Amino acid sequence: MARGSYLAGIMKAGILGSALFTGLATPGYADDAPPKLTLSGSAQFVTDYMFRSISNTSQNPAVQPEFDLTYGMWFATIWGSNTAFGKHIELDYYAGITPKWKDITFTIAGNAYTYPSSNPDISYFELHTGASWSTAPWTIAFNDHWSPDNSQTFGNSNAIDGMVTYVFKGKLWNFFTPSINGQVGFQSYEKIAQDYVYWNAGLTLGFLKNWSADARYYDTNYNKTDCFVQSGGRNNCDARAVGTIRVTF
């Protein structure tokens, strides 16, 4: 865990430094139109709410609305879901910046995970830093998620993950826009819960401009005892396939 925290610290420092430098070096809007305040949203139905490849709904479906406010490189998001924790409601709040340099987009954001009326309170904060390189048809991203006290239970925690996405040219059956991606990550905890490796891979089919369907395989290296300590369920970390239907507006 010490080595994981050390590597996470190097990664965070590098991403933060690059993102801040890029943000400060971004030119003004003399030659471009000034940014506009934009409100957008989405809603999705999932057959299981997976968070770093662990079920947060005890293998049950979830409905997850989201609202996004953007202004240039600045953004704020409210996201919700039913969950197995607290009073079965989760509301998350995100805010941050996404400066760009050539084909690389950096992200620095604060993420607040909240569970209204939960007793005991298990709400917590994460600092998210990331960098994403994108040039058609590939996207490669690396992210770090650090919390000073995960769920007010596990102490200092850190997750590092990487993702690769490939978008196919053209349309499948002249209707679907297909893409595939995979993710591998490592989550560490200061106390109580054991560190673990998580991964997922899946196929996404975009259709009707604002809709998408996703089929995805999730797994971890947790055994059932470690899974129970981390999530409260012995089967929440088992391998599984999950389906998602999503609409944006």
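The shown structure was predicted, so the numbers you read here are calculated from the model rather than taken from an experiment. Throughout, residue positions are numbered sequentially from 1 according to the sequence presented. Side chains included, hydrogens not; waters and symmetry mates left out as well; all remaining heavy atoms used.
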Q: Give a yes or no answer on whether the side chain of Q152 reaches the backbone of S123 with a donor-acceptor pair at less than 3.5 Å.
A: yes

**Q.** Spacing of CE belonging to M50 relative to OH belonging to Y217, to within rounding of 0.5 Å
**A.** 10.5 Å

Q: Taking all non-hydrogen atoms of both residues into account, name the closest pair between V197 and N221 and its distance.
A: N-OD1, 2.8 Å

Q: In sequence, state the C-alpha distance, the side-chain angles, and the governing distance for F106 and K100, and then conclude on side chain to side chain contact (heavy atoms under 4.5 Å, CB included).
A: CA-CA 6 Å; F106 298 94; K100 295 183 178 181; over 6 Å; no

Q. Are W146 and Y94 grouped together when hydrophobic residues (ILVMFWY) are joined by side-chain heavy atoms under 4.5 angstrom apart?
A. no

**Q.** same_hphob_cluster(F85, W79) at 4.5 Å side-chain heavy-atom cutoff
**A.** yes

Q. Which pair of non-hydrogen atoms, one from D161 and one from G185, has the smallest distance, and what is that distance?
A. CB-CA, 3.6 Å

Q. Would a 4.5 Å heavy-atom cut-off, applied to side chains only, mark S55 and R240 as touching?
A. yes

Q: Return the set of residues passing side-chain hydrogen bond (donor to acceptor under 3.5 Å, both in side chains) with K224 (not counting sequence neighbours), or none when no residue passes.
A: N235, D238

(Q) Assess, by modelled atom type and distance only, whether the side chains of D68 and T77 contain a donor and an acceptor separated by less than 3.5 Å. (A) yes

Q. Can you tell me how far CG of N60 sits from OG1 of T47, rounded to the nearest 0.5 angstrom?
A. 10.5 Å

Q. With respect to Y113, which candidate in F125, F51, Y93 satisfies the ring pair (Phe, Tyr, Trp, His ring centres under 6.0 Å) definition?
A. F51

Q.
Tell me the closest heavy-atom pair linking R216 and G202, and the distance in Å.
A. NH1-N, 3.1 Å

Q.
Between K87 and P116, is there a side-chain heavy-atom distance shorter than 4.5 Å?
A. no

Q. Are F168 and L208 joined in one hydrophobic group, where the rule is that I, L, V, M, F, W and Y side chains link up if heavy atoms are under 4.5 Å apart?
A. yes

Q.
Using 0.5 Å steps for rounding, measure from the CG atom of D226 to the CD1 atom of I192.
A. 13.0 Å

Q | From CA spacing to verdict: side chain to side chain contact (heavy atoms under 4.5 Å, CB included), T139, W133 | A | CA-CA 6 Å; T139 297; W133 171 82; over 6 Å; no

Q) Does W211 have its ring centroid less than 6.0 Å away from the ring centroid of F175? A) no

Q. Nearest heavy-atom pair of P178 and G170: which atoms, and what distance?
A. CD-O, 4.0 Å

Q: Decide yes or no for F75 and T98: does some side-chain heavy atom of the first lie under 4.5 Å from some side-chain heavy atom of the second?
A: yes

(Q) Just so I know, are the side chains of H88 and N82 near enough to count as touching, which here means a heavy-atom distance under 4.5 Å? (A) no

Q. Is there a side-chain contact between T204 and I180, using heavy atoms and a 4.5 Å cut-off?
A. no

Q. Within a strict 4.5 Å, meaning less than it, do heavy atoms of the S157 and E190 side chains meet?
A. no

Q) What pair of heavy atoms forms the shortest contact from I245 to A213, and how long is it? A) CD1-CB, 3.7 Å

**Q.** Spacing of D144 atom CG and N158 atom CG [to the nearest 0.5 Å]
**A.** 4.0 Å

Q.
Evaluate T57 against D48 for side-chain hydrogen bond (donor to acceptor under 3.5 Å, both in side chains), listing each step before the verdict.
A. CA-CA 7 Å; T57 46; D48 197 343; 3.0 Å; yes

Q | Stepwise side chain to side chain contact (heavy atoms under 4.5 Å, CB included) check, E66 with S40 | A | CA-CA 9 Å; E66 176 179 321; S40 60; over 6 Å; no

Q) So if you build clusters from Ile, Leu, Val, Met, Phe, Trp, Tyr with side-chain heavy-atom gaps below 4.5 Å, do V46 and L205 land together? A) no

Q | side chain to side chain contact (heavy atoms under 4.5 Å, CB included) between S132 and I140, intermediate numbers included | A | CA-CA 6 Å; S132 174; I140 300 175; over 6 Å; no

Q) Residues two or more places apart in sequence or in another chain: which of them pass ring pair (Phe, Tyr, Trp, His ring centres under 6.0 Å) with W74? A) none

Q: Any chance you could measure I54, atom CD1, to T220, atom OG1, to the nearest 0.5 Å?
A: 5.5 Å

(Q) Applying a strict under-4.5 Å side-chain criterion to I, L, V, M, F, W and Y, I'd like to know whether F207 and V247 cluster together. (A) yes

Q. Rounded to the nearest 0.5 Å, how far apart are CZ of F154 and CG of D149?
A. 10.0 Å

**Q.** A159 backbone acceptor or donor facing H145 side chain under 3.5 Å
**A.** no

Q | Beyond-backbone contact of T165 with W138, side-chain heavy atoms, under 4.5 angstrom | A | no

Q. Looking at Y196, F228, Y198, which hits ring pair (Phe, Tyr, Trp, His ring centres under 6.0 Å) with Y222?
A. Y196

Q. If you measure only the distance, is there a donor-acceptor pair under 3.5 Å linking the side chains of N236 and S231?
A. yes

Q.
Could you tell me if the side chain of D219 sits less than 4.5 Å from the side chain of W199, heavy atoms only?
A. yes

Q: Give the minimum heavy-atom separation between N143 and G130, together with the two atoms involved.
A: OD1-CA, 3.5 Å

Q. Which hydrophobic side chains are connected to F249, either touching it within the sub-4.5 Å cutoff or through other members that do?
A. F67

